[in-house]
Structure formats: C-alpha cells, structure tokens
**Q** 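One structure coming up, written as structure tokens, with questions to follow.
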Amino acid sequence: MSESVLTMANIEAGYGGGLVLQGVDLTVDKGTITCIVGPNGAGKSTVFRVISGLLKPKGGTVTFGGRDIGGLSPSEVLKSGIAQVPQNRALFPEMSVHENVLMGGYAIRRDRALLKERLAMVAEMVPLVKERAKEHAGNLSGGQRRMVEIGRALMLDPAVVLMDEPSLGLDPKSVATVASVIRDMAAEGRTVLMIEQNVRLGMNLATHGVVMEQGKVRLIGDAKDIADNPEVASMYLGKTGHNA
Amino acid sequence: MDLLQVIAFGVLLGGVYALLASGVTLIFGVLDVVNVAQGSFLVFSALFTWQIWSLLGLEPLLLVPVMGLLMFVIGWAIYRGLLVRVAPQGPGMTVLLMFGVAIAMEGVLNIVFGNEFKSVTPPYFTSSFKIGEIVIPYPQMISGVLAVVVLGGIYVYLRKSWAGRALRASAQNKDGAALVGISATKASSLAFGIGAMTAGVGGVLLAIMYPVYPATQYDWIARLLGIIVLGGMGSIPGAIIASMLLGISESIASAYVPQWAPVFFYGAILVILLFRPHGLLGEKTREDVAA
Ligand SMILES: Nc1ncnc2c1ncn2[C@@H]1O[C@H](COP(=O)(O)OP(=O)(O)OP(=O)(O)O)[C@@H](O)[C@H]1O
Ligand SMILES: [Mg+2]
C-alpha cells in the first residue's frame, strides 16, 4: 500500500454564485507524479487554487500530511510544504531571473544561510537560473520562463509541487526539458501533482492519472490504465491524436 | 532670465514633483487605487508645518521626518480602516472613497486654518546663492535636493529590502506574489503608507517654497495625476521623467510666457498620450503583459 500525502474530500468551491467544484474527491500518493486531465473548464485549475489557498472552499476538507489545510492562506499553505507553478504567467517581469528565484525564498528570508543553500540547490536542478541570472524575466522565452517559475517554486524545498499545464505553449524541446525536471523532482522524493491538456504526454510522464469532468472526478487510477481506458481514449486521445 | 537658470529652477521643482508623484504611482502600482487625496495629504502636512513653526519658531526642516512618519501612520490607518473594505468593489469605488477623504480633509483644514494663505518664512527664506551666473533661492535648492534624497532612499528601500521587493513583486504580478507567500494586505498597507509619507515630506518642502491654503490641494492633485498618466500609471521611472518635464516646462513657461504655463504641460500630455496611450513608460507593468 502506498501512503497518501494529499487528500481532498467532497470539495465544493466556486467564484461568486455557482459551484465550479461539485464534490471533488482526490487522493495523491507520496512520491508519485499524478496527472489531472479533463476538458476546458472542468475545474482542474480551480482544484489547484483551492489547494494553494488562493480560493477558499465552500465545503469539504483538504488534508496534507495528516493536517487540515482547507482555507489556510496561500503563505501558510506554502510554508506547510506545497508550492505551485500556475497556468498563467507568474513571474515578476521587471525583476531579474535571480531576483525572481530569490523571491521564491520570501518565506525563509530571515535565514540567510538556508537561502544561500536553496539558491545553490535550485541552480543545480534548473541551470538556466544561473546562466540567465541577470536577465529580466520579461525578456525570456516561454520555455525559459517556465523553468524559472519551477526554480522559484523549488526555493522552499516543497514536498508537493503543483504544476498547472507546464507544457502549455512550449516548443517540443522545452517540453522535453520541463518533463525531465518533473522526473528529477519525483526522483528526489517530491510528489508532483500536475494538470495536462495533452493526455498522451501527461500519462506518459505520470504514474497516476485523474480524469475530471464538470467539476467532479470521473476516474482515478494508474496512468497506464487511464491511458488505456477506452472511454478516455475516445474522449481525448482521439482528439489530441489528430494534432500529434 | 538666463535659460540655464530657468532650467536649474525647473529641475529642482521637478525633484519635488517626482517625490510626490512617485508616492501616487507606487500606490497605484501595488493597489490599483488612484489616490486622489494626495493633494490633501500634502496641504495637510504643509499647514501642520506652518502651525508648529508659527507656535514654536522651530526650524521647519526638522519637521521633515516628523511629518513623513505622521503621514505614513495616517496613510497606513486609512488603508487598514477604510480602503481595505472598499477595495474589492473595484477602482471606481476606491477613487470615490479617496475623493471623499480629500474633501473631508480640506473641509477640516478650512475650519482649523481658515481659507487664507499661510507662509512659513525661516531666516533663509529670502536668501539665495550663486553658482557662476545661476542664482538659486535657498528654499528651492533645499526642497529640490531633499526631495531627491528622500526619493533615493525610497528607491534603495524598494530595491534592497525584502519588504521593498515584496512591494515591487505585488505591483508586477499579484498572483505570483501571493504564490511566494507575500500578503497582499501587508504589501498594500505598506505601499499606501509610503505613498502618504511622500506627501508628508513634500508638505514641509511645499511650506517653505510657497504660500499654502486648503484649496491649493486641487492644483497639486491635478499636476500629480497629469504626471503619473504621462509617465505611465504605476511606473516610478516614468513619474520621475514626467516630473522633470513638467518642472522644466513650467519653469520655462513662467519665465517667458507666464500666462501660458499650464497650457504647456497639459498640452504636452495630450500630444504624448495620442502617440503613447500607456504613457511614457507605462506598458510594461500592466496586466496585459503580465497575464
Ligand atoms: N477567476 C475566476 N472567476 C470566475 N470564474 C472563473 C475564474 N476562474 C475560473 N472560472 C470558471 O470556473 C470554471 C472552471 O475553470 P478552471 O480554470 O478551473 O478550468 P480548467 O479545467 O483549468 O480549464 P482549462 O483547461 O481551460 O485551464 C470555468 O467555467 C471558468 O470560467
Ligand atoms: Mg486550467
């Protein structure tokens, strides 16, 4: 039996009036790469916003490492060990790459030695942050920006990394680089929960898969089983297969 | 008058504008709030300075840190007490609120100080000094230099301190800032406090340069809004450049064609905005690029 690290039970959440998430149940096992797939508007990013504290759930619980983290502020969730690389651009465009990564250590700013140690660790995992240290983040290409976002998220040495569509808008070479960093993170013992539009790519990379539809989890299981599931295949694989 | 002298004047005046406008643009950058009460803050500080100076005969410049700190606290309190509740309703409501604060402050100042000019006239008020051919009155010199020193201090603070970095981060990408653990409320109250502080410092400088009465706040807020729109909303470097343009153009116009002075600046704003609708340096910080 594997050990679950992050659990959502019957989560309801929305923006304003209606509910976008209508009772989401989700279990993520420690050290896995779990990939959420589903159509546009299914509520995948909203799941991340609830976990990271950017959106307060209206019902249900979020448990992380045995602790209820539902409704904590983003900074408290971050300090508890969950970092997020969001779908939209998240860097500070007028700061240098170095300063962007440094800001990832905002929560540990008083511990200079630790900060230095983490900067070195991140530079090793994401060499780009050292190579382009002085460049303005706003001048980077999409792939480079993703790597800096990942580097910034690693500054707090998180146990869980949430990645929302890490391949979105990237050229194939950048996608491969991002995929290899994701594998590295898992190899280091981190748990990766990611969202991916490209089901083939996602399930290839992941160990576990989750299919979401209309604010609910439809299927959850081994990545292989999800990829081989005829229903999923007809829903998405066919579609992405066209473009591939 | 010698052109060089006129330009020196303009640069010193521009320094004072730059300090005040940086406060407004910093607040806008972090909070998306247009602080139309900055003129009132400024006049409040100037009249307060006049009061203390006329009661105690104190050197008014000693009040620079006092008024800076006082306005910081008042700004911080206005954010925590009022703005934070109204902010979710969007920019329209916050402008209305700050306009209300401005009018209320002006009303109180009218009751306390009366609707008449007050001047602070320290011993050096009428003295001046010469650099070559250029004659510069001490009040202008002191104000311009002090404004630039305070602005430099704010710049270093924003660049080098963690709190300053957090402010810039919030201004550049709100979600990104939240994701690294920066509290939006803390960053916003700090930004509003610093913005108000520039008016506190500026008020003392204003008091030794010009006579002040409560309704002068309208002149000032009009100039400051013009500057930050021209510089690009939220851009401090833009505000500094626009301030220098305004200072120098006002100084040139009032030396040669005094009755046309305001037309120069506002005309220039119109023309520049036709070609650069985001202002001189405005486009980079806004959401359309960050999103
Ligand atoms: N900030 C917001 N305010 C209001 N509604 C929102 C907001 N963000 C998302 N929504 C709505 O919530 C629903 C789910 O959005 P969400 O971003 O979670 O979907 P998603 O599965 O991530 O889709 P995509 O694949 O397009 O990223 C959508 O109908 C969307 O319009
Ligand atoms: Mg999404």
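No hydrogens, no waters, no symmetry mates; every other heavy atom, side chains included, goes into these values. Letters go in sequence order (proteins before strands), and every chain restarts at 1.
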**Q** Return the option, out of Gln84(A), Glu149(A), Met103(A), with the maximum number of heavy-atom pairs under 4.5 Å with chain B.
**A**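 Heavy-atom pair counts peak at Met103(A).
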**Q** With heavy-atom distances below 4.5 Å as the criterion, would you say the side chains of Thr198(B) and Gln38(B) are in contact?
**A** yes
**Q** Between Glu76(A) and Lys79(A), does any side-chain N to carboxylate O distance fall below 4.0 Å?
**A** no
**Q** Looking at Leu54(A), Leu102(A), Val85(A), which has the largest count of heavy-atom pairs under 4.5 Å with chain B?
**A** Leu102(A)
**Q** According to salt bridge (Lys or Arg N to Asp or Glu O under 4.0 Å), who are the partners of Arg49(A), at least two apart in sequence or on a separate chain?
**A** Asp175(B)
**Q** In chain order, what residues pass the ring pair (Phe, Tyr, Trp, His ring centres under 6.0 Å) check against Tyr17(B), with sequence neighbours excluded?
**A**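 Checked Tyr17(B) against ring pair (Phe, Tyr, Trp, His ring centres under 6.0 Å); matches are Trp220(B).
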**Q** I'd like to verify something: which residue of Arg152(A), Arg109(A), Met155(A) has the highest number of heavy-atom pairs under 4.5 Å with chain B?
**A** Arg109(A)
**Q** For residues 165-174 of chain A, pull every pair meeting side chain to side chain donor-acceptor pair (under 3.5 Å), keeping only residues two or more places apart or in separate chains.
**A**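 Sorted pair list: Glu165(A)-Gln197(A), Ser167(A)-Glu196(A), Asp171(A)-Ser174(A).
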**Q** Is there any residue in residues 176-190 of chain B with a non-hydrogen atom under 4.5 Å from a non-hydrogen atom of chain A, and which ones are they?
**A**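 So far as heavy atoms go, Gly176(B), Ala177(B), Ala178(B), Leu179(B), Val180(B), Gly181(B), Ile182(B) are the residues that approach chain A to under 4.5 Å.
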**Q** So for atom CD, which belongs to Glu124(A), do other residues, nucleotides or ligands contribute more than 12 heavy atoms lying within a distance under 6.0 Å?
**A** no
**Q** Before giving the answer on side-chain hydrogen bond (donor to acceptor under 3.5 Å, both in side chains), spell out for Ser45(A) and Asp164(A) the whole-Å C-alpha distance, their side-chain angles and the decisive distance to 0.1 Å.
**A** CA-CA 7 Å; Ser45(A) 298; Asp164(A) 197 342; 2.6 Å; yes
